[in-house]
Amino acid sequence: MGRKRLLMFYALLGFAMMQYQNCAPTTQNFDDPIETVGTEPVDVIDPIATGDISFQQSKVSAFANDELTVHGLCQDAGAYIGWKLLDLDGNVVERGLAECDLGAFEIQFTGKWKSFCDEDLILQAALGAKSKSQTIIETLCD
């Protein structure tokens, strides 16, 4: 008798929970623009930055006792440019982000590059998948 009651309880519980099941049809396709209070539709995903970037010099020389800052040109105001400083074996010395501001970006380095005295390092920067640039950093000893 107890088993029948238990099965009946679960059957009634299943029927009671059916009211919480969402079987309503969708009212909007994913490709449709989202309606807003204003007159223009809202984009859900931010556009990908695709502007061009370039360094002002093909080679930058720096002495170990100096601070090192490299400047570049860019087109997408407010976009973040990913950069990395590599040794000649391809090992990452430093990496970071630089913001495109008024058509230019600036990369300021910490002192990690100073341990590569009299060696060339490669600075690579990228904005999106298609816009890349690089320059050589010539480290000079005192």
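In this text the structure is predicted, and so the values were computed from the model without any measurement.
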Once you round to the nearest 0.5 Å, how far does [atom1] of [X] lie from [atom2] of [Y]?
X    : Y    : atom1 : atom2 : result
I137 : I122 : CD1   : CD1   : 10.5 Å
S131 : Q75  : OG    : CD    : 7.5 Å
L68  : S61  : CG    : OG    : 10.0 Å

Which ring-ring contact (aromatic ring centres under 6.0 Å, His included) pairs, counting each pair once, include a residue from residues 100-135, with sequence neighbours left out?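 ring-ring contact (aromatic ring centres under 6.0 Å, His included) check on residues 100-135 returns F55-F105, W83-F109.
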For the residue pair [X] and [Y], establish whether any side-chain heavy-atom pair is separated by less than 4.5 Å.
X   : Y    : answer
Q56 : L73  : yes
V70 : E106 : no
I81 : E99  : no

Worked verdict on L85 versus V92 for side-chain contact (heavy atoms from CB on, under 4.5 Å): CA-CA 6 Å; L85 185 64; V92 177; over 6 Å; no
Ignoring hydrogens, what is the shortest heavy-atom contact between S133 and S54? Give both atom names and the distance.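 Closest approach of S133 to S54, heavy atoms only: OG-CA, 3.5 Å.
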If you look at every heavy atom in L140 and D118, which pair is closest and at what distance?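 That would be CA-OD1, 3.8 Å.
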With side-chain contact (heavy atoms from CB on, under 4.5 Å) as the test, would you mind laying out the steps for T139 and K114 before giving the verdict? CA-CA 7 Å; T139 60; K114 294 179 180 186; over 6 Å; no
Look at the side-chain heavy atoms of Ile, Leu, Val, Met, Phe, Trp and Tyr, link any pair under 4.5 Å apart, and say whether V60 and I53 land in one connected group.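 V60 clusters together with I53.
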Hey, quick one: are V93 and L88 part of the same hydrophobic cluster, counting side-chain heavy atoms closer than 4.5 Å, chains of contacts allowed?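 No, V93 does not connect to L88 through the hydrophobic network.
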